[in-house]
> 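For reference, the structure I am asking about is given below.
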2 protein chains.
Amino acid sequence: MSQTILLANRPQGTPQLSDFEFIEEEVQSLEDGQLLLELEYVSVDPYLRGRMNDAKSYIPPFELNKPITSGCVARVKESKNDGFQQDDYVTGMLPWKKQQIHSGADLTKVDPNQAPLSAYLGVLGITGLTAYCGLMEIGKPKQGESLVVSGAAGAVGSIVGQIGKILGLHVVGIAGTDEKINMLKGEFGFDAGINYKTTKNMKTTIAEVCPDGVDIYFDNVGGEIADAVLFSINKYARIIVCGAISVYNETSPPTGLSVQPFLVKNTALMQGFLISDYKQQFPKAIKAIAGWLQEGKLKYEETIVEGFENIPQAFLGLFSGKNKGKMVVKV
Amino acid sequence: MSQTILLANRPQGTPQLSDFEFIEEEVQSLEDGQLLLELEYVSVDPYLRGRMNDAKSYIPPFELNKPITSGCVARVKESKNDGFQQDDYVTGMLPWKKQQIHSGADLTKVDPNQAPLSAYLGVLGITGLTAYCGLMEIGKPKQGESLVVSGAAGAVGSIVGQIGKILGLHVVGIAGTDEKINMLKGEFGFDAGINYKTTKNMKTTIAEVCPDGVDIYFDNVGGEIADAVLFSINKYARIIVCGAISVYNETSPPTGLSVQPFLVKNTALMQGFLISDYKQQFPKAIKAIAGWLQEGKLKYEETIVEGFENIPQAFLGLFSGKNKGKMVVKV
């Protein structure tokens, strides 16, 4: 038997602990070609909220009373598959089930000696790839341009901003505590930071810290922050719409500034971003990120929550800004 | 002396006749290299409204108490420039001044025998180029896809929809009178039309007439219509933001649905469109449009208002839907 976390209810608004159910589920016996996996690290991410709704999206919704799935690192406890050996570590999209049988398909082996295992869920995983591909492929940054990142202290945002600095951009991060702002300006080398919770007029503040306007806006949050940035965008600005965490829990379609007049006036681009569209860029991206990590140019934060039983709390914490950098659960 | 129309006030909200002033302005004497032009046709266009504000945009604002400028056809009344002869016809961006001295720079000669002169301000001018380049370069249409056009009975919209039909798309037009809808479905061959003024629920109506969703939305109007289309967009939808006439007269930034969640969920693109970015495509576009005109596949409507003194009224008429197709003033 294995502890397993199911989606018990489709959340209305902000998810609650009661939307999750813990059960003991059978672990089937290992057949030829299969692996027995034990979860080591579980990634909790804002986009999972979208999959909890029964709505058309880029990936199908989670099924009710079935295990939730996310990016995980697992250890191979037993293998009847020639491609894997006992004590190999792998990453892949896995159900929140402590022990599980797996075919081995779509798993990637990772080396625990090259980087801490949790990094494969973050800077060397989907998080880092999202930052790199979104910024490079949609943002198309040019040295000297100005980059604003929202959710800047989050997993993706902090990497986006650092890559911006490596490429010679003027980088401004928006986050929700002074501690996060200090981290952005100190540890991560951002040129400026804006605490949106204590700033009275976001519109004028953004204009002040971006005196030459905003060429690239990497948007992780949507909502009022995204609206405020629009007033400062330059001609041919590129807006990467990577996430909209500020409105994921809204029960009716959120409203805000009409973006169309800003886009027409500035011949600007807004592009919804989905990492799986950029698979061809992954080798190049991983190479660049690994290089910057080795050179000490790229730092990453992670918030590690301990215990399989705390996965739902860790996920809920994303919506109240409990994480600095990537939020990961150590099983 | 020549009759001239100045911008007397920056309009607050919807422009008024009192925002324009008629004066008699001197016509300077003709020097070597110069032309004396006489206006024949004047184009009035929604985008001129933006230039009447004192705001940062893709082209500088009009100056107060200076002549307004737009696309015009003029006759060469006298020439001291080797490139032009008397009675040549030319198009270019010209001030609203009946007779004027010109250097000849940035003028294009047009042939009155190939097409009616007014067509060079419409289907064979910026209007046709805007329709073609916006649809082809941002919309990237593929046969069988579904195209929604707002402002569909307008100059640009009616050409966009017809090109869509020529390319084998499912084409739906949105306009504001039943007469316009009948024209779209009859004369222009659209698959369906929606009268937004009499339709109770735009969101469900769009979903009904686009049962396979919307792949391309050519947006001439913005506002609530643009919001309603968002609910039906498909994965990888392309939204060409060509205009936002519904909000040009707003005095504070208009609000509406937050587009970001729709863009993320559908990995969709919204791109502000500016025709001058596509100059390299113009020869190809003109060739295609001229070909379709000759084959009778492309029809165009124009609303011709007579008299230089009626230019301001013609311009104001754009905002109350007085035009079918391109609005042009015959001087």
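Reminder, nothing fancy here: chain letters follow the sequence lines and each chain counts from 1.
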> What donor-acceptor contacts under 3.5 angstrom involve side-chain atoms of residues 137-144 of chain B, with partners at least two apart or in another chain?
from	atom 1	to	atom 2	distance (Å)
K140(B)	NZ	E137(B)	O	2.9

> For the residue pair S258(B) and G256(A), what are the closest heavy atoms and their distance?
OG-N, 3.7 Å

> Tell me, out of G223(A), P254(A), A226(A), who's got the most heavy-atom pairs with chain B below 4.5 Å.
P254(A)

> Roughly how far apart are I239(A) CD1 and M270(B) CE, rounded to 0.5 Å?
10.0 Å

> Any idea which heavy atoms bring Q271(B) and T267(A) closest together, and the distance?
NE2-O, 3.6 Å

> Can you run down the side chain to side chain donor-acceptor pair (under 3.5 Å) pairs that involve residues 145-158 of chain A, sequence neighbours left out, and say none if there aren't any?
E145(A)-R238(A), S150(A)-Y217(A), S150(A)-D219(A)

> When rounded to the nearest 0.5 angstrom, what distance separates NZ in K235(A) from CG in D277(B)?
5.5 Å

> CD of Q281(A): more than 12 outside heavy atoms within 6.0 angstrom?
yes

> What part of V259(A) lies closer than 4.5 angstrom to a heavy atom of chain B: side chain, backbone, both or neither?
side chain

> Of the listed residues (L269(B), D227(B), L230(B)), which shares the most heavy-atom pairs with chain A below a 4.5 Å separation?
L269(B)

> Is it the case that more than 12 heavy atoms not belonging to D106(B) sit under 6.0 Å from its CG atom?
no

> How long is the span from the CG atom in L274(A) to the CG atom in N266(B), to the nearest 0.5 Å?
10.5 Å

